[in-house]
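Here the structure is laid out as structure tokens; the discussion comes afterwards.
Quick note: residue numbers are just sequence positions, from 1.
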Amino acid sequence: MKYLVTGGAGFIGSNLCRRLLSDGHKVLCLDDLSTGQERNISELIENSNFDFVNHDITKPFFPEQLDGIFNLASPASPVHYQYNPIRTLKMGTLAMYNVLGMAIRMNIPLLQTSTSEIYGDPLEHPQTEEYWGNVNPIGPRACYDEGKRVAEALCMAYKSYNGAKVRIARIFNTYGPYMDPDDGRVVSNFVVQALKREPLTVYGDGTQTRSFCFVDDTVEGLIRLFKSDHDGPVNIGSPGEKSMFDLAEIICKLTDTKMETTNQILPVDDPKRRCPDISLAKKLLNWEPKVGLEEGIEKTIGWFEKLLKNGN
Ligand code: UDP
């Protein structure tokens with residue numbers, strides 16, 4: 001099979017490309033390297049089953065016949081997606097029209113990577129796929145949250161009007177090798193700070209929660225969802241809810257660092273709690289995360305140690 005992976009040089013995208021190649025598929029990786037990194041795919045360039053095209057998917061793209069599309073192109077960390085909110089909205093809208101158009105023309109399935117951010121600062125816990133969310137449409141996170149909500153609406157519209165074969169993965173916080181040390185997210189910040197023996201920057205009082213899924217598990221979930229014929233949204237995430245303070249403790253323990261933190265201001269509209277209900281993924285895909293948080297964090301520490309040693 002030949003798959004298009006947009007955002008294939010990004011964190012989850014590059015892990016997905018490696019997995020598809022190791023399963024024996026051909027991969028056409030598209031990325032404009034605005035937040036994706038060349039180093040994430042450098043070892044794949046020699047592989048004859050791998051093609052890379054530097055392209056901004058908000059602009060039309062006409063590849064040869066493919067067997068499926070995984071749409072991962074978008075800035076995903078708050079620092080990146082808030083840097084140019086107009087561009088982030090274009091990723092949720094114009095890019096989505098382009099990939100859906102491709103899927104229709106080629107009559108192939110398209111997996112859209114949506115996000116737990118569509119639930120906003122949720123008022124229901126844990127979040128099931130039926131929950132409609134609590135999103136501030138004019139806040140600093142709106143460019144990402146509302147963009148991803150429009151993208152889901154576009155998938156459903158193309159499905160009902162054009163018969164598009166869509167899959168929608170609502171991905172919760174994911175971490176692991178090939179994360180960018182500078183993307184400002186909590187796992188990358190804490191691990192890099194701990195390795196440099198700097199105080200960990202805890203935003204707010206550190207009681208806010210997230211549920212962290214190791215990237216190999218996330219990729220497995222995406223592939224299973226792609227192969228299913230379920231065309232509604234499915235949560236892909238870990239149900240293990242942790243406070244940022246818990247996470248800081250785990251990372252300090254695993255890096256053998258004395259825990260030191262500095263408290264910084266909590267970003268506007270930062271969700272207080274987030275945890276997926278993954279009953280649907282379990283039932284439909286027979287999927288649940290396998291890698292425990294400590295095991296996954298250790299692998300992630302290994303990745304950042306290697307980057308720091310190479311001067312990145
Ligand atoms: N956070 C933190 N310190 C950091 C970076 C983030 O305490 O150095 C907090 C942030 O305020 C949020 C949580 O960690 O409550 C997760 O943030 P991240 O940016 O990783 O992801 P998202 O907010 O998109 O879930």
Side-chain angles (χ1 to χ4, degrees), residues 1-8 12-13 16 20 28 30-32 53 55-76 81 85-120 127-135 137-138 141-171 221-236 276 280-281 283-285:
M1 297 291 186
K2 182 163 185 180
Y3 295 114
L4 172 66
V5 179
T6 74
I12 301 180
L16 176 64
L20 291 170
L28 173 57
L30 222 70
D31 206 301
D32 68 353
V53 177
H55 181 82
D56 170 359
I57 193 61
T58 62
K59 314 256 168 24
F61 182 67
F62 297 96
E64 286 174 6
Q65 180 67 38
L66 300 158
D67 297 297
I69 302 173
F70 291 86
N71 186 40
L72 285 85
S74 177
Y81 69 64
I86 297 167
R87 194 173 148 67
T88 301
L89 278 158
K90 286 184 180 173
M91 296 312 298
T93 51
L94 300 183
M96 198 69 232
Y97 280 108
N98 285 334
V99 288
L100 279 161
M102 257 186 250
I104 290 291
R105 279 193 299 277
M106 297 190 200
N107 190 25
I108 55 174
L110 161 71
L111 182 140
Q112 164 61 3
T113 52
S114 189
T115 165
S116 54
E117 282 282 327
I118 67 108
Y119 299 121
Q127 291 83 53
T128 66
E129 289 82 356
E130 277 81 50
Y131 180 51
W132 289 358
N134 176 39
V135 173
I138 55 168
R141 298 174 92 100
C143 56
Y144 186 66
D145 302 7
E146 297 290 15
K148 289 283 188 178
R149 287 167 70 96
V150 175
E152 286 198 14
L154 282 169
C155 287
M156 297 315 270
Y158 272 72
K159 179 190 102 171
S160 59
Y161 189 73
N162 293 90
K165 299 170 193 155
V166 293
R167 321 274 182 260
I168 301 172
R170 290 184 179 157
I171 302 178
L222 297 182
I223 289 176
R224 287 190 191 206
L225 177 59
F226 180 85
K227 287 182 184 161
S228 79
D229 57 4
H230 185 78
D231 52 17
V234 180
N235 289 339
I236 299 291
L280 185 62
K283 191 171 120 212
L284 205 72
L285 314 173

List, one per line, each side-chain donor-acceptor pair under 3.5 Å for residues 62-76, sequence neighbours excluded.
{"unit_1": "Q65", "atom_1": "NE2", "unit_2": "M106", "atom_2": "O", "d": "3.1"}
{"unit_1": "D67", "atom_1": "OD2", "unit_2": "K2", "atom_2": "N", "d": "2.7"}
{"unit_1": "N71", "atom_1": "OD1", "unit_2": "T6", "atom_2": "OG1", "d": "2.6"}
{"unit_1": "N71", "atom_1": "ND2", "unit_2": "Q112", "atom_2": "OE1", "d": "2.8"}

Item checked: ring-ring contact (aromatic ring centres under 6.0 Å, His included) partners for F61, two or more places apart -> H55
Item checked: Separation between CG of L154 and OH of Y161, rounded to the nearest 0.5 Å -> 14.0 Å
Item checked: Heavy-atom check, side chain of Y119 versus side chain of N235, under 4.5 Å -> yes
Checklist line | Basic-acidic side-chain contact under 4.0 Å: R149, E152 | finding: no
Check: Any sub-3.5 Å donor-acceptor pair from D145's side-chain atoms to G120's backbone N or O?
Finding: no
Checklist line | Distance (rounded to the nearest 0.5 Å) between S116 OG and R170 CZ | finding: 10.0 Å
Checklist line | Over all atoms of both residues, closest heavy-atom pair of P137 and A142 | finding: O-CB, 3.3 Å
Check: Can you check whether V166's main-chain N or O pairs, donor with acceptor, with D231's side chain at less than 3.5 Å?
Finding: no
Check: What residues form a salt bridge (charged side-chain N to carboxylate O under 4.0 Å, His left out) with E129, not counting sequence neighbours?
Finding: none
Checklist line | Gap between atom CD1 of I223 and atom CG of L16 - 0.5 Å precision | finding: 5.5 Å
Next item on the list: Sorted by first residue and then second, give each salt bridge (charged side-chain N to carboxylate O under 4.0 Å, His left out) pair with at least one member in residues 95-106; sequence neighbours left out.
Entry: none
Check: In chain order, what residues pass the side-chain hydrogen bond (donor to acceptor under 3.5 Å, both in side chains) check against E117, with sequence neighbours excluded?
Finding: R141, R274
Checklist line | Heavy-atom side-chain proximity of L110 to M96 below 4.5 angstrom | finding: yes
Checklist line | Atom pair CG (L284) and CZ (R224), whose distance is rounded to the nearest 0.5 Å | finding: 11.5 Å
Next item on the list: Report yes if the side chains of M1 and L20 come closer than 4.5 Å at any heavy-atom pair, otherwise no.
Entry: no
Note to self: Test side-chain contact (heavy atoms from CB on, under 4.5 Å) on L285 and I236; report intermediate values, then the result.
What the structure shows: CA-CA 10 Å; L285 314 173; I236 299 291; 4.2 Å; yes
Notebook entry, point to check: Hey, does T113 have a side-chain heavy atom less than 4.5 Å from the side chain of I12?
Noted result: no
Check: What's the shortest heavy-atom distance between L222 and A169, and which atoms?
Finding: CD2-CB, 3.5 Å
Next item on the list: Apply the test side-chain contact (heavy atoms from CB on, under 4.5 Å) to residues I168 and H230: give CA-CA distance (whole Å), side-chain angles for both, the deciding distance (0.1 Å), then the verdict.
Entry: CA-CA 9 Å; I168 301 172; H230 185 78; over 6 Å; no
Validation: residues 86-94 side-chain donor-acceptor distances under 3.5 Å, sequence neighbours left out:
{"unit_1": "R87", "atom_1": "NH1", "unit_2": "D56", "atom_2": "OD2", "d": "3.3"}
{"unit_1": "R87", "atom_1": "NH2", "unit_2": "D32", "atom_2": "OD2", "d": "2.7"}
{"unit_1": "T88", "atom_1": "OG1", "unit_2": "Y81", "atom_2": "O", "d": "2.8"}
{"unit_1": "T88", "atom_1": "OG1", "unit_2": "N84", "atom_2": "O", "d": "3.3"}
{"unit_1": "T93", "atom_1": "OG1", "unit_2": "L89", "atom_2": "O", "d": "2.7"}

Item checked: Shortest non-hydrogen separation from P60 to N98 and the atoms involved -> N-ND2, 3.6 Å
